Structures are given as structure tokens and as C-alpha cells.
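Data first, discussion second: the structure below is written as C-alpha cells.
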Amino acid sequence: MQTIEQTLSAWMRESFTQAFPETTIHGISVVATNSEQFGDYQCNHAMAVAKLARKSPRQVAEVVLQHAGNHAAVERTEIAGPGFINIFIRREWLESALVLVDEDVRCGVPLVGHGKTVLLDYSSPNVAKPMHIGHIRSTVIGNALDRMHRFLGYHVLADNHLGDWGTQFGIMILGYRHYVNPDALSTEPVEELERVYVKSYERSRTDPAWLTFARQELVKLQAGDPENRELWQRFVELSLQEFDRIYRRLDVRFDLVRGESYYNQALPGVVDRLCSRGIARESEGATVAFLEEESLPPCIVRKSDGGYNYATTDLATIESRMSEFHPSKIVYVTDERQQLHFKQVFAIARRLGITADLQHIWFGLMRLPEGTFSTRQGNVIKLEKYLDEAETRALAVVQAGSPEMAPERQREVARAIGIGAVKYSDLSQNPQSVITFTWEKALSLEGNSAPYLQYAYARIASVQDKYRAQFPNTSLGHCVFRLEEAVERTLAIAIVRFPETVIKAAESYKPNILADYLYNLAATYSTFYQNVPFLKAPEGIRESRIRLCRVVANVLKQGLSLLGIETPERI
RNA sequence: GCGCCUGUAGCCUAAUGGACAAGGCAUCUGACUUCGGAUCAGAAGAUUACAGGUUCGACUCCUGUCAGGCGCGCCA
């Protein structure tokens with residue numbers, strides 16, 4: 001099944017080629033108009049062709065439309081402004097397109113990713129540190145990309161690349177031996193591990209002997225010392241248990257959980273290859289890849305003490321993923337601070353002959369109004385606390401709005417709303433914008449927010465029930481759509497744009513495109529709901545409108561599930 | 001010092017180089033004794049940081065300036 005955008009783009013492309021075989025340009029397509037007065041889709045390429053063909057843009061558009069002839073989906077076209085070609089969709093065609101969306105469990109979304117493997121690297125918290133609200137963006141954005149790609153038919157491998165290796169474990173082990181409180185460890189393990197780490201780290205800054213001991217512990221760990229190895233294993237397991245609890249709350253699942261330690265054995269081989277192929281060489285005792293051709297600063301792949309860096313691990317990781325899974329894309333979702341790092345790693349990977357499409361999807365850091373988060377200032381907000389707060393606030397609203405609901409059900413609904421609000425506040429904006437965190441903003445339950453969308457969905461569910469109760473013997477299955485009111489047509493256009501929106505959001509790695517779309521759909525529906533009667537409409541019209549409600553509900557549910565947001569039937 | 005990113009109404013955000021810059025919050029006016037008022041209809045609010053340039057057309061691309069953030073050979 002093709003999207004409307006694809007269908008009309010092909011039509012225009014063909015028409016341009018026929019009209020101007022000598023001067024056809026690449027990338028001829030249509031886009032959705034930003035205002036209904038300009039039709040439903042527009043093609044903007046007559047202006048560009050006009051220059052090459054030495055004709056006026058409107059003349060070009062005219063000739064193109066002569067060659068275009070009629071299209072089953074198109075009511076009429078017009079030439080406007082400097083040479084825009086505006087396309088108006090035929091109502092009958094729209095009505096039959098709605099039937100297709102209604103009857104398709106995929107809401108008309110094609111499997112454009114079929115046969116392709118994409119590896120997604122996201123969340124990736126550090127072991128022995130609690131997850132805080134800075135981790136939520138990678139997790140929530142990565143998971144939305146995960147869900148969208150899977151839905152489009154890609155073979156997705158979600159990999160949680162834990163920070164489970166590195167120099168901090170020397171300090172960690174030493175601190176654990178001296179400072180750990182067993183009681184605290186059993187009640188709040190990761191919190192206790194962090195406390196121990198911070199204490200040991202602070203001592204290492206003033207006590208040189210302590211730092212030396214810490215280094216020795218690290219060397220022992222890396223040499224495979226059984227005792228240190230076991231401690232390390234314990235840290236990892238305790239952390240994973242806590243992470244899993246959060247992932248369950250967020251409904252996030254990984255196919256692979258391979259921390260940095262997984263690639264340890266491969267590091268010397270990577271450096272050997274880099275050296276033998278002339279990509280890296282000795283410099284001041286370290287092994288360094290020089291990237292002048294890419295105009296990037298040098299990248300250390302082995303320290304002068306023989307240890308390896310993050311870059312080396314990431315290269316080993318890429319090699320391993322390529323040989324085991326053969327992905328066509330590897331996508332990293334991390335914060336903006338790692339832009340340079342990934343530019344370097346990708347440049348080196350290309351020199352090593354890696355051909356997969358490597359993408360770094362970075363997002364802006366989360367800040368507080370008074371500045372950045374820092375452990376030292378003690379203003380870090382723990383992720384679990386954040387989720388608790390979201391659910392608590394949602395519960396108060398549910399209790400006020402639906403007092404007749406059973407308390408157990410209220411809690412369940414509040415959970416879906418609270419978590420949905422948290423996710424939506426991250427997903428509804430461009431990932432690259434810097435976020436200044438405020439409780440009020442993150443947990444907003446009004447306006448452009450997840451609860452608005454969930455509310456629209458629940459109202460439809462309610463309408464469906466009322467309809468079934470009042471008209472028990474009518475089936476919607478074979479009723480025809482009759483788009484009479486202007487807002488119904490607007491709603492129908494919005495509905496059939498779902499497939500192209502999902503594709504665009506996934507391919508540009510911007511979940512906010514889908515979030516925007518869903519908000520617009522829900523807002524259009526709310527206008528319809530508020531201004532057009534349907535249970536009281538005459539038979540026929542009534543069925544058409546109830547069925548329209550049902551399609552909106554299906555698309556909302558499907559779309560929100562691609563963002564990882566639930567849609568309770570009652571809220 | 002060099003590099004990357006960001007700058008859009010009071011606040012928060014949107015806009016593959018396309019038409020008059022789109023929403024939300026807050027503010028102000030309204031919504032029938034009919035479908036859930038977490039809603040809807042409407043009002044007001046913008047020199048898209050600033051100055052140049054490219055283009056038929058610039059929030060978007062290029063150059064410079066200012067402001068904020070981040071990064072830059074032995075952290076991850």
C-alpha cells in the first residue's frame with residue numbers, strides 16, 4: 001500500500017518528466033499544505049524547473065498539469081501564487097481511503113523497513129549510579145524510535161550498552177571494601193553504591209596513597225582477579241535489577257544488554273588493526289588516530305599506560321555488531337556532549353571499511369531553571385522519584401474527575417496518565433532542543449499533552465459504548481462514509497496522513513513529528529466532537545460519524561503506542 | 001584559543017528553502033438545561049538575537065557580531 005504523499009509525488013514526477021523531458025530535476029514531490037485554502041497537497045517544483053526551462057513558473061505549472069490529466073484521487077488542481085500547484089483530494093476517494101484505514105490493523109502503514117536490520121543503542125546508564133531524569137530522554141526517545149522502526153517492518157535490535165567498565169571501578173571496589181553499609185546495600189543497593197563511590201572518589205582527590213590503591217584494584221580487576229571480578233559482577237547485577245524495575249514501569253524492553261565489558265577481549269585487536277592499516281600510530285607514548293582529512297582532532301585509542309578508551313570500545317562494538325548482525329543502520333541516542341566523540345568514531349569506522357549507515361541522534365541536555373544538574377549541588381532528581389511524582393499528580397486529577405471509579409482502577413489509570421505525560425513531554429519536542437526542567441511543564445495534564453490525547457481517546461470509547469447500547473442491532477462494518485461537514489473532511493484528511501507521518505518521523509529520527517500529528521488529529525476530533533452531533537444525527541449520517549470516531553480511535557491508539565503511551569478506555 | 005550546538009509573542013514549544021511564522025501555558029470574552037467542561041468557540045500577543053549576503057522566495061543556507069550551553073590527546 002502506498003501513502004497518499006507517495007502516490008501524488010509519483011504522479012507529479014511523471015507529469016514533469018513528460019512535460020519537460022529535457023529539464024527534469026530530481027526530488028519532485030508533493031507536501032501537505034499548511035492551510036486548507038491551498039488544497040490538501042502542493043507541489044513546489046515549477047519554480048525550479050522554470051529557471052532551467054527559461055519559462056515563467058506559472059507557464060511551467062500549466063504545461064505540467066496538461067500532461068498530468070486526471071487522477072482518481074484528485075478533485076481538481078490549481079496554480080497559485082508564483083507557481084504553486086495545489087491539489088485538492090476528491091471526496092469519494094477520501095471516503096474509500098477511510099475504509100481501507102478502518103479495515104487495516106496497521107492503519108494503512110506500509111512495511112517500508114522489511115528485510116532491513118537496524119541496531120538501536122539507547123538508554124545505556126552507568127552501573128552503580130542511580131538513573132536520574134537526565135537518563136529519561138535517551139530511554140524514551142530511543143524507545144519511540146525502536147517502536148516506530150519495528151512497526152515499519154525493520155528488524156530492530158535494541159541494545160542497552162551499559163557503562164559497566166572503566167577506571168571508576170578501581171575507586172568503586174576500594175570504596176566498597178572500606179565504606180559499604182550492608183543494611184543500606186540491601187534496602188537501596190544502587191543508592192548505597194553511589195554513596196560509597198562518591199566518598200571514595202573524594203578521598204582519592206586528596207589522598208595520593210588511596211588513589212594508588214584504587215589503581216591497583218583496577219589492575220587486579222582487569223587481570224581477572226576472582227575476588228574483584230565477583231565484586232564487579234555484584235555491582236552490575238544490583239544495578240541491573242534496579243534498572244529493570246524502571247524499564248518495566250516505562251514499558252521498555254531490550255533485545256541485547258551488552259555493556260562495555262562485553263567487548264574487552266576485542267580491544268587489542270582493534271588497535272592492532274588501526275596500526276597495521278596506518279590509521280593510528282604512536283604519539284607521546286599513546287596510540288592515536290589522526291583525523292586531519294576529516295578535520296577532526298586526534299583520537300586516542302590506547303593510553304600510554306596501555307589502557308583503552310571509550311573510542312576503542314565503541315569501535316570494537318561496531319565491528320562486533322557488524323559481523324554478528326549485519327545491520328544496515330546503527331543508531332546511537334545520547335546527549336549532545338558526545339557529538340565530537342561519535343564523529344571521530346564514525347570517521348575511524350569508515351576508514352576501517354564499515355559501510356553501515358552510522359547515525360548519532362543527539363538530544364539537548366536537561367537543565368534546571370537555576371542551572372545544570374550536579375551531584376555536588378544535590379539537585380539531581382532520581383528517575384524513580386520523578387515517575388512516582390507523575391503518578392501521584394495524575395492520581396489526584398483522576399480522583400477529582402472520576403470519583404465513581406474503583407480505587408484500584410483509578411491507580412491503574414493514573415499510572416498510564418502519569419507515565420504518558422512524562423514520555424510525551426519529552427517526545428513532543430524536537431530532541432535537539434535544550435530542556436529546562438520544571439515539574440509543572442513535565443507533568444502538565446492540559447493542552448498539548450498526553451492526557452489531552454488520552455482524553456480524546458476515552459471520549460470516543462465512551463461514544464462507542466453509548467452507540468452500541470442505543471442501537472444494539474446496527475453494524476458499522478458496511479456503512480458508507482459520508483463526509484458532509486467541513487470538519488469531517490478535515491478529520492478524514494488527517495486520518496489518511498497517518499502512514500506518511502509515521503514513515504517521516506522514523507526516517508528523520510524525530511518522534512515529535514508523530515506527536516505533533518497525533519495532537520493535531522485529536523484537536524480536529526475535539527472540534528468535530530464538540531460541534532457536530534452524531535448519536536442524535538439521522539440514521540446513515542449517524543453510522544458514518546460513529547465509524548469516523550472509530551477510525552480516529554484506532555489511529556490514536558496505534559500512534560500513541562508507537563510513542564510508548566497507553567490509551568485507557570476510561571480515564 | 002579552536003570547534004560544535006542553541007537563540008522564534010510574558011513563558012514553553014512547532015515549522016524537508018515555499019504562500020499571511022503554527023500550537024500550548026498564562027490573560028480576557030463566550031459555550032443551548034443533548035453525546036465526558038482534562039473540552040470547544042473567539043480576542044489579544046512576533047522586526048524569528050543583531051548586521052550583511054545567496055535565492056523568484058530565508059526561521060531554515062553562507063559570512064560576521066552578540067548572548068547562553070557543551071566539547072577539545074591519556075574520563076566515559
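Values below: every heavy atom of this structure, side chains too, minus hydrogens, waters and symmetry copies. What you see is a predicted model; the values in this text were computed from it and never measured.
- Under the rule for a side chain to side chain contact (heavy atoms under 4.5 Å, CB included), the partners of A:A458 that lie at least two apart in sequence or sit in another chain are A:I571.
- Taking atom CG on A:L535 and atom P on B:rG36, their separation rounds to 8 Å, with Å as the unit.
- When the C1' atom is used for both B:rA14 and B:rG24, the distance is 10 Å, rounded to whole Å.
- Annotation for A:S9 and A:V30: closest pair OG-N, 3.0 Å, computed over non-hydrogen atoms.
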Could you list, one pair per line, each protein nitrogen or oxygen that sits under 3.5 Å from a nitrogen or oxygen of nucleotides 55-63 of chain B, together with the distance?
from: B:rU55; atom 1: O3'; to: A:K51; atom 2: NZ; distance (Å): 3.1
from: B:rC56; atom 1: OP1; to: A:K51; atom 2: NZ; distance (Å): 2.2

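- The residue A:E260 sits close only to the backbone: its heavy atoms come under 4.0 Å of sugar-phosphate atoms, none of a base.
- For the contact set between residues 442-450 of chain A and RNA chain B, defined by any heavy atom under 4.0 Å, the members are A:L445, A:G447, A:N448.
- Residue contacts for A:L296: at a heavy-atom cut-off of 4.0 Å it reaches no nucleic acid atom on any strand shown.
- Residues in residues 288-304 of chain A take part in these salt bridge (charged side-chain N to carboxylate O under 4.0 Å, His left out) pairs, two or more places apart or across chains: A:E282-A:R302, A:E294-A:R351.
- Annotation: salt bridge (charged side-chain N to carboxylate O under 4.0 Å, His left out) contacts involving residues 426-435 of chain A, sequence neighbours excluded, comprise A:R137-A:D426.
- Heavy atoms only, all atoms of each residue included: A:F342 and A:T334 are closest at CE1-CG2, 3.7 Å.
- Between A:M366 atom CE and B:rG68 atom P the separation is 23 Å, expressed in whole Å.
- Annotation: proximity of residues 502-513 of chain A to RNA chain B (heavy atom, distance under 4.0 Å) is found for A:K510, A:N512, numbered in ascending order.
- If you check every strand for non-hydrogen atoms under 4.0 Å, A:K536 touches a base.
- Put simply, A:Y452 does not rest on the base of B:rA38: the two rings are not both less than 5.5 Å apart at their centres and under 30° in tilt.
- Straight-line distance from the CZ atom of A:F437 to the C1' atom of B:rU13: 17 Å, rounded to whole Å.
- When heavy atoms are screened at a 4.0 angstrom cut-off, A:P533 is found touching base atoms of the nucleic acid.
- Residue A:T527 places at least one side-chain N or O closer than 4.0 Å to OP1 or OP2 of B:rA41.
- Judged as a salt bridge (charged side-chain N to carboxylate O under 4.0 Å, His left out), not a single pair has a partner in residues 436-457 of chain A (not counting sequence neighbours).
- For the C1' atom pair drawn from B:rC59 and B:rC20, the interatomic distance equals 15 Å after rounding to whole Å.
- Among all heavy-atom pairs drawn from A:H341 and A:D314, the shortest one is NE2-OD2, 2.7 Å.
- B:rA21 and B:rC74 are spaced 49 Å apart, taking the C1' atom of each and rounding to whole Å.
- When rounded to the nearest whole Å, the span between CZ of A:R337 and P of B:rG71 equals 6 Å.
- No hydrogens or angles were tested; on distance alone, nothing pairs the side chain of A:Q530 with the base of B:rC35 as donor and acceptor under 3.5 Å.
- If you check every strand for non-hydrogen atoms under 4.0 Å, A:N86 touches a base.
- Among the atoms of the strands shown, base atoms are found under 4.0 Å from some heavy atom of A:F290.
- A:Y519 does not qualify as a stacking partner of the B:rG23 base, lacking a centre-to-centre distance under 5.5 Å together with planes within 30°.
- Of the candidates B:rC72, B:rA38, B:rC20, B:rC72 carries the atom nearest the A:P297 side chain, counting heavy atoms from C-beta on.
- Here the nucleotide nearest the side chain of A:Q429, chosen from B:rA38, B:rA14, B:rC20, is B:rA14.
- Within the nucleic acid shown, A:T167 comes within 4.0 Å of sugar-phosphate atoms alone, with no base atom in reach, counting heavy atoms only.
- A distance-only check finds a donor-acceptor pair linking the side chain of A:H161 to the backbone of A:R258 [under 3.5 Å].
- Rounded to a whole Å, the CG atom of A:L340 is 17 Å from the P atom of B:rC2.
- Under the 3.5 Å distance criterion, with hydrogens and angles disregarded, a donor-acceptor pair is assigned to the side chains of A:Y467 and A:E543.
- Atoms CG (A:L427) and C1' (B:rU13) sit 14 Å apart, rounded to a whole Å.
- Looking at residues two or more places apart in sequence or on another chain, you find a side chain to side chain contact (heavy atoms under 4.5 Å, CB included) between A:R459 and A:Y455, A:S526, A:Y529, A:Q530.
- Rounded to whole angstrom, the span from the CD atom of A:Q42 across to the C1' atom of B:rA15 amounts to 13 Å.
- In this structure, a donor-acceptor pair under 3.5 Å is absent between the side chains of A:Q454 and A:Y424.
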Hey, what are the protein-to-nucleotides 3-5 of chain B N/O distances that come in under 3.5 Å?
from: B:rC4; atom 1: O2'; to: A:Q339; atom 2: OE1; distance (Å): 3.2

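- Remark on RNA chain B: of its neighbouring residues A:V397 and A:F38, the 5'-side contact belongs to A:F38, judged by nearest-heavy-atom nucleotide.
- Non-hydrogen atoms lying under 4.0 Å from RNA chain B are contributed by A:P298, A:I300, A:K303, A:S304, A:N309, A:Y310, all within residues 298-310 of chain A.
- Using a 4.0 Å heavy-atom cutoff across all strands shown, A:N44 reaches at least one base atom of the nucleic acid.
- Without hydrogens or angle criteria, A:Q338 side chain to A:D335 main chain gives no donor-acceptor distance under 3.5 Å.
- Within the nucleic acid shown, A:A80 comes within 4.0 Å of at least one base atom, counting heavy atoms only.
- Dense packing is recorded around CZ of A:R570, with more than 12 heavy atoms of other residues, nucleotides or ligands lying under 6.0 Å away.
- Under the salt bridge (charged side-chain N to carboxylate O under 4.0 Å, His left out) criterion, the residue pairs touching residues 30-57 of chain A are A:D40-A:R489, with sequence neighbours excluded.
- Taking atom CD of A:Q454 as the reference point, atom P of B:rG36 lies 18 Å away to the nearest angstrom.
- Secondary-structure annotation of RNA chain B gives the stems B:1-7 with B:66-72, B:10-13 with B:22-25, B:27-31 with B:39-43, B:49-53 with B:61-65, with a stem taken as at least 3 successive Watson-Crick or G-U pairs whose two distances both fall under 3.5 Å.
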